Amino acid sequence: MTDVVGDMTNRLLADAGIGAGMRVLDVGCGPGDVSFRVAKLVGEQGQVVGVDRDARPLAAARDRARELGLSNMTFAEGDLGALAPEHGLFDAIVGRRVLMYQADAAAAVKSLSRALRPGGLVVFQEHDTTMVPASVKPLPLHERTHQWTWGTVEREGADIHMGFHLASVLEQAGLTVVSVRAEAVVQTPQTRYRTAAIVRAMLPRILQQGVATEAEIDVDTLEERLVEERTQANATYISDMVFGAWARKPA
Ligand SMILES: C[S@@+](CC[C@H](N)C(=O)[O-])C[C@H]1O[C@@H](n2cnc3c(N)ncnc32)[C@H](O)[C@@H]1O
């Protein structure tokens with residue numbers, strides 16, 4: 001099973017110009033999936049700092065860096081709106097699925113850009129549900145599954161239209177937008193996606209928000225039922241739209 005969104009992240013980071021020797025901050029890094037992709041691009045001469053307000057995923061990120069012997073990666077607990085000055089200046093600030101959780105995303109990026117050198121790069125990747133789920137043929141279980149996950153994220157207070165807002169957020173933060181893109185996650189009867197794994201990971205949150213019951217979801221058989229539905233309908237389904245954008249701090 002390929003990591004479709006991860007591949008999009010790799011392309012976005014490389015196209016935006018994250019490269020050898022750069023010092024990069026990953027905000028809302030969680031367990032560090034984006035941080036480790038950045039580390040590959042910046043190489044041994046570069047440096048990666050991940051920041052997250054939740055201590056639990058940071059421990060996993062630190063363990064992985066240690067296992068890989070990457071001494072140029074550090075992970076710090078803190079709010080991205082109150083970055084500790086000792087982190088210094090960065091060549092680039094990146095983040096994925098994090099602006100959607102900020103009450104005022106433009107203010108958050110503006111405050112972050114103080115830690116960016118003049119001419120430095122800002123790269124964000126954010127999901128957006130405005131155009132999804134999409135399919136020509138009806139796929140009721142796929143639509144319900146989408147509602148379980150994104151309905152939960154929305155009830156938690158996230159902006160599920162952040163992709164469409166991305167360009168204006170970067171501009172309002174005082175940055176010069178260089179490029180904006182949107183890519184789709186396309187599923188067919190032949191493809192396999194990690195929908196059930198995502199629902200399983202989100203299950204406590206879904207139940208807490210009262211979006212669905214455990215019996216309705218039946219997570220152990222979910223992937224099988226989804227594949228069966230796409231196969232029966234011989235349908236193509238778009239589950240996610242993923243926006244990517246990069247901008248520069250005026251020199
Ligand atoms: C959906 S997860 C994404 C994790 C990671 N960026 C990735 O794409 O794999 C969002 C992360 O952002 C963090 N986060 C959200 N708002 C934050 C803030 N204001 N300051 C620091 N971390 C924040 C959360 O704790 C969570 O780990």
Side-chain angles (χ1 to χ4, degrees), residues 3-13 16 18 24-41 48-65 73-85 87 90 92-115 122-129 148-163 165-166 169 173 183 185 194-195 197-206 208-209 239-246:
D3 180 357
V4 187
V5 175
D7 291 345
M8 291 176 190
T9 308
N10 288 344
R11 285 196 294 277
L12 176 69
L13 294 168
I18 302 293
V24 181
L25 173 69
D26 178 16
V27 292
C29 63
D33 187 84
V34 176
S35 313
F36 288 96
R37 293 173 194 280
V38 170
K40 271 199 181 144
L41 293 170
V48 184
V49 177
V51 169
D52 203 289
R53 64 185 172 193
D54 186 350
R56 287 163 302 176
L58 290 177
R62 287 188 194 111
D63 286 349
R64 189 168 160 203
M73 298 186 83
T74 51
F75 294 94
E77 188 179 341
D79 194 288
L80 60 83
L83 208 60
H87 290 308
F90 293 91
I93 297 175
V94 306
R96 182 176 72 182
R97 286 199 303 267
V98 62
L99 290 183
M100 65 191 305
Y101 293 104
Q102 309 316 308
D104 185 340
V109 177
K110 193 170 186 172
S111 130
L112 277 170
S113 69
R114 285 199 281 272
V122 169
V123 190
F124 279 102
Q125 191 178 47
E126 296 285 333
H127 281 55
D128 192 300
T129 65
W148 297 336
T149 53
W150 287 103
T152 296
V153 171
E154 187 173 27
R155 284 194 192 192
E156 289 172 341
D159 177 356
I160 58 175
H161 304 289
M162 182 47 75
H165 296 152
L166 202 44
V169 162
E183 295 177 272
V185 176
R194 42 193 298 275
T195 312
I198 293 168
V199 172
R200 192 184 294 280
M202 287 185 67
L203 200 54
R205 291 162 58 196
I206 294 171
Q208 192 186 352
Q209 293 299 330
S239 58
D240 294 279
M241 289 295 296
V242 185
F243 282 68
W246 67 92

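Quick caveat, the model's predicted, so the values are computed rather than measured. Numbering of ligands and ligand atoms starts at 1, following listing order.
- Contact annotation for C29 and ligand 1: only backbone heavy atoms (N, CA, C, O) come within less than 4.0 Å of the ligand.
- Ranking protein heavy atoms by distance to atom 8 (O) of ligand 1, first place goes to R96 NE, 2.7 Å.
- Other residues, nucleotides and ligands place more than 12 heavy atoms under 6.0 Å from the CZ atom of R64.
- The salt bridge (charged side-chain N to carboxylate O under 4.0 Å, His left out) test applied to R200 returns D220, not counting sequence neighbours.
- Near G30, meaning under 4.0 Å from one of its heavy atoms, ligand 1 places the atoms 27 (O).
- The minimum heavy-atom distance linking C29 with F75 is given by the pair SG-CD2, 3.9 Å.
- The protein heavy atom nearest to atom 22 (N) of ligand 1 is R53 N, 3.2 Å.
- In this model, a donor atom of one side chain and an acceptor atom of the other lie less than 3.5 Å apart for T9 and Q125.
- Only the side chain of V98 comes within 4.0 Å of ligand 1, counting heavy atoms alone; its backbone N, CA, C and O stay farther away.
- Looking only at protein heavy atoms, the nearest one to atom 25 (O) of ligand 1 is D52 OD1, 2.6 Å.
- Among all protein heavy atoms, the one lying closest to atom 19 (N) of ligand 1 is Q102 OE1, 3.0 Å.
- Near D54, meaning under 4.0 Å from one of its heavy atoms, ligand 1 places the atoms 25 (O).
- In this structure, A61 and G30 approach most closely via the heavy-atom pair CB-O, 4.2 Å.
- Between L99 and E126, the closest heavy-atom pair is N-OE2, 2.8 Å.
- Applying the side chain to side chain donor-acceptor pair (under 3.5 Å) test to every pair with at least one member in residues 27-41, sequence neighbours left out, gives these pairs: D3-R37, N10-R37, D26-S35, D33-R37, D33-R96.
- Residue, atom and distance of the protein heavy atom nearest to atom 20 (N) of ligand 1 are L80 N, 2.9 Å.
- The ligand atoms of ligand 1 that sit less than 4.0 angstrom from a heavy atom of G78 are 20 (N), 21 (C).
- Among all non-hydrogen protein atoms, the one lying nearest atom 6 (N) of ligand 1 is G28 O, 2.7 Å.
- Within a 6.0 Å sphere centred on CD of E156, other residues, nucleotides and ligands contribute more than 12 heavy atoms.
- Using a 4.0 Å cutoff on heavy atoms, G95 does not count as a contact of ligand 1.
- Of the polar atoms of D33, none of the N or O atoms is found under 3.5 Å from an N or O of ligand 1, judged by distance alone.
- Regarding atom 1 (C) of ligand 1, its nearest protein heavy-atom neighbour is R97 O, 3.6 Å.
- Closest non-hydrogen pair, M202 versus T149, comes out as CE-O, 3.5 Å.
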